[in-house]
Amino acid sequence: MEVERISGLKFHKKQDVAIVGAGMTTWKRRLNETGRELSYLAVKQALEEAGLTLDDIEMVVMGSAPDTFDGLHLKGEYLLDGSGGSDRPYMRVFVGGGTGVFAPIAGYWHVASGLADVCLVVCEEKMSSSYPHPQSAFKYIWDPILDRPLNPNLIWIFALEMRRYMHVHNIKHEDIALVSVKNKANALDHPCAQVAEKITVEDVLNSEPMALPVRRLDVSPPSDGAAALIMVAPHIARQLTDNPVWVTGVGWALDTTWWTNRDLYFPRYVAEAAKMAYRMAHVTDPRKEIDVAEPYDPFDYKELHHMEGLGLAKKGEAPILTREGVTQRDGDLPTCPSGGLLGVGNPIAATMGVKACEIYWQLAYRAGKRQVAKEVTTGVCQAWGDLMQVGTVMVMSNKR
Amino acid sequence: MMAVGKKEIECPPYAEGTPLSDRDIKERKVTYVEDHPDIRYSWSAGQAISKFLNGLKEGRILGVKCNKCGRIMVPPRMFCELCFKPIDGWVELEDTGTVQTFSISYIDPDAKPLPEPIIVAVIAIDGASQNMGIMHILDEVKPEDVYIGMKVKAVWKSEEEREGAITDIKYWKPLEG
């Protein structure tokens, strides 16, 4: 048992938490399968990898972002059977785009607290149900009185943030585009990828303008898909494998909804969440101690922004590391080796598949063609969402 | 019973899923159900924002202050979220400000192309604390001439047209030139 104190909070866990299996479906725009069917496919794969059956699962956490995408309220209940949640404790959590790492954090609570020894975490998103475009559903995240009369598009806030980030650190669009080039190329090795391709910086800079500086190839696509993860107590992990991957730290934080009242150049919500996760994981120098990272990359500048929030780069330094190749799969700090959201796709909550699941696969040396070149011990994954103010972080290690 | 043992799987081993194309749906080649929900909402503006909107109707931008953290905040709120106490009073701010960041948008809320791009910005309001911005539209300026740090001024609707909405400010224009 381990007790730590951070600004009045106690991290007090009953038992350690290991990950022993993961799964994900292909990610595409408009999959013929329903959300339940997609969830089933992901769960089936995770169970198979762990060597478990559904009977072994004690509790289920479902992560799925807004109901608006589906035009179906109480989506957690709708997705229950495909998630293997029938007749056992089942809950749905969501914090918009942050759900991809928040759902496994909720799974961690279940096991760390001792309430469950075997917990299944399932994330599902079907963005294509809203026709013609999920952007129309995003209207409903804006303040109805102050923002919506201006006819906002969600891309606006990212464009505003990207411009501010470029301005404060004097960063060129060329440097940001390198992230899109890297991640889309990494995704060529991912069997689930939607928009894997070899592109150049010029392709990004010449792509269709959306809300400048954001252009088409700076953005990840809307997708459908599902992912699953199995978290277990140490005595279960020992029965299943010689090489479990341990969750060593979790963190989450939200910044104010008054997002125009803060300087947008730095993601404080990620920094706070990372601080919490690193304290738990005893990581004091993330740049040195983290071997592989999956920061949230729905936009290319966001990977850079989040690397800085995660302390993997100093403020304004992430574009330099990217340009120098440090973040390549064979670099010193492989970043988004999965191909990320930019390359594999962006089914909001199901992005757990390229964040939490990918770090697990990397640390378990099961990532196949995507396996990073260097030896890995510790990895971090992170997600972000809501009205751009939530940060969720999880640190994992293949050493206990 | 558990622990059949972990299989040697290189993940993800399979990735089922049957994608549909836009055409499949447009040409009704696949079975689907169409629904156009007609749900209407009437939101409360709340205590603070109601007063703010009434101020806009009079052509004034109102903020609030917290004596504990010393912030002058806009949009106004009834409590300081940092000090978690009631605010200490109202202040009238200028209808000028500074562009903190901006974007030139070619898309509408449904991601459809706009006939003409519009400029959207976060504008820090003069008289409020640092970085106290609101999101709004810029006009009477060419996209290539906008820069971060540009001073701008509100262009109001005429008194008769104002209705107590954020759109009572038509847009913001450069303070000089």
Side-chain angles (χ1 to χ4, degrees), chain A residues 20-26 28-33 38 41 45 48-52 56 71 131 133 135-136 139 144-147 149-153 155-156 159-161 163-164 167 191-192 209-214 225 236 239-241 256 258 260-264 357 361 366-368, chain B residues 1-7 9-22 24-25 30 34-35 37 41 43 45-46 49 52-53 73-75 77 81 100-112 117 120-123 130-137 143 148 165-167:
Chain A
V20 291
M24 67 188 276
T25 67
T26 197
K28 285 279 177 293
R29 176 107 163 96
R30 287 204 189 96
L31 286 174
N32 200 9
E33 286 81 359
L38 293 172
L41 292 171
Q45 184 186 330
E48 220 165 272
E49 191 190 327
L52 294 173
D56 301 317
Y131 193 80
H133 204 277
Q135 273 293 342
S136 313
K139 264 186 273 191
I145 314 280
L146 294 178
D147 297 334
L150 301 171
N151 285 324
N153 180 294
I155 310 285
W156 283 14
L160 293 167
E161 204 180 57
R163 172 95 62 190
R164 184 75 196 163
H167 172 78
C192 301
M210 296 181 80
L212 292 179
V214 174
I236 306 286
Q239 295 178 57
L240 295 173
T241 174
T256 171
W258 302 108
T260 56
N261 285 177
R262 61 175 197 249
D263 198 327
L264 298 171
C357 297
W361 283 322
R366 283 172 172 259
Chain B
M1 275 302 283
M2 70 151 37
V4 285
K6 194 161 167 172
K7 294 193 180 146
I9 295 173
E10 194 177 274
C11 280
Y14 57 83
E16 296 173 50
T18 324
L20 300 173
S21 72
D22 258 332
D24 293 335
I25 291 175
V30 292
E34 209 170 307
D35 185 17
Y41 296 88
W43 287 286
I49 298 298
F52 176 70
L53 296 176
M73 296 167 263
V74 64
R77 51 213 79 170
E81 75 276 12
Q100 298 292 95
T101 179
F102 66 96
S103 168
I104 294 128
S105 178
Y106 290 78
I107 44 176
D108 78 356
D110 297 310
K112 294 200 192 86
V120 48
V122 174
I123 301 155
Q130 207 190 356
N131 282 328
M132 280 292 163
I134 62 166
M135 184 174 74
H136 218 287
I137 308 293
I148 291 175
I166 192 73
T167 44

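Proteins get letters first, then strands, A, B, ... in listed order; numbering begins at 1 in each. Keep in mind the model is a prediction, meaning the values are calculated, not measured.
- Chain B forms more heavy-atom pairs under 4.5 Å with one residue of A/P213, A/A211, A/C357 than with any other, namely A/A211.
- In terms of heavy-atom pairs under 4.5 Å with chain A, the best-connected choice from B/S105, B/G46, B/A45 is B/S105.
- Neither the backbone nor the side chain of A/L38 comes within contact range of chain B, judged by heavy atoms closer than 4.5 Å.
- Interface remark: of the candidates A/A22, A/P209, A/G23, A/P149, A/P209 forms the most heavy-atom pairs closer than 4.5 Å to chain B.
- Ranked by heavy-atom pairs under 4.5 Å with chain A, the list B/A165, B/P75, B/P143 is led by B/P75.
- Neither the backbone nor the side chain of B/D24 comes within contact range of chain A; no heavy atom of the residue lies under 4.5 Å from a heavy atom of that chain.
- If you measure heavy-atom distances from B/A111 to chain A, the contacts under 4.5 Å come from both the backbone and the side chain.
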**OP:** Before giving the answer on side-chain hydrogen bond (donor to acceptor under 3.5 Å, both in side chains), spell out for A/T25 and B/E16 the whole-Å C-alpha distance, their side-chain angles and the decisive distance to 0.1 Å.
**Re:** CA-CA 6 Å; A/T25 67; B/E16 296 173 50; over 6 Å; no
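- Contacts between B/I104 and chain A at a heavy-atom distance below 4.5 Å involve backbone atoms as well as side-chain atoms.
- Per-residue heavy-atom pair counts under 4.5 Å with chain B were compared for A/K28, A/Q135, A/R30, and the maximum is reached by A/R30.
- Contact between B/P109 and A/N151 at its shortest, heavy atoms only, is CG-O, 3.4 Å.
- No donor-acceptor pair under 3.5 Å is formed between the side chain of A/R164 and the backbone N or O of A/D263.
- At a 4.5 Å heavy-atom cutoff, the contact between B/L53 and chain A is made by side-chain atoms alone.
- Taking A/E161, A/H133, A/H167 one by one and counting their heavy-atom pairs under 4.5 Å with chain B, the maximum is reached by A/H167.
- Distance check, rounded to the nearest 0.5 Å: OG1 of A/T260 to CG of A/L146 gives 8.5 Å.
- In terms of heavy-atom pairs under 4.5 angstrom with chain B, the leader among A/G225, A/G71, A/A159, A/S136 is A/S136.
- Between the B/N131 side chain and the A/R262 main chain, no donor and acceptor come within less than 3.5 Å of each other.
- In this structure, CD in B/Q130 is found 12.0 Å from CG in A/N261, a value given to the nearest 0.5 Å.
- Under a 3.5 Å cut-off, the side chain of B/H136 and the backbone N or O of A/L150 do not form any donor-acceptor pair.
- Looking at B/D110, both its backbone and its side chain come within 4.5 Å of chain A, counting heavy atoms on both sides.
- The contact between B/V74 and chain A is made entirely by backbone atoms, counting heavy-atom distances below 4.5 Å.
- Between A/Q45 and A/M24, the closest heavy-atom pair is OE1-O, 3.1 Å.
- Rounding to the nearest 0.5 angstrom, the gap separating the CE atom in B/M135 from the CH2 atom in A/W156 is 5.5 Å.
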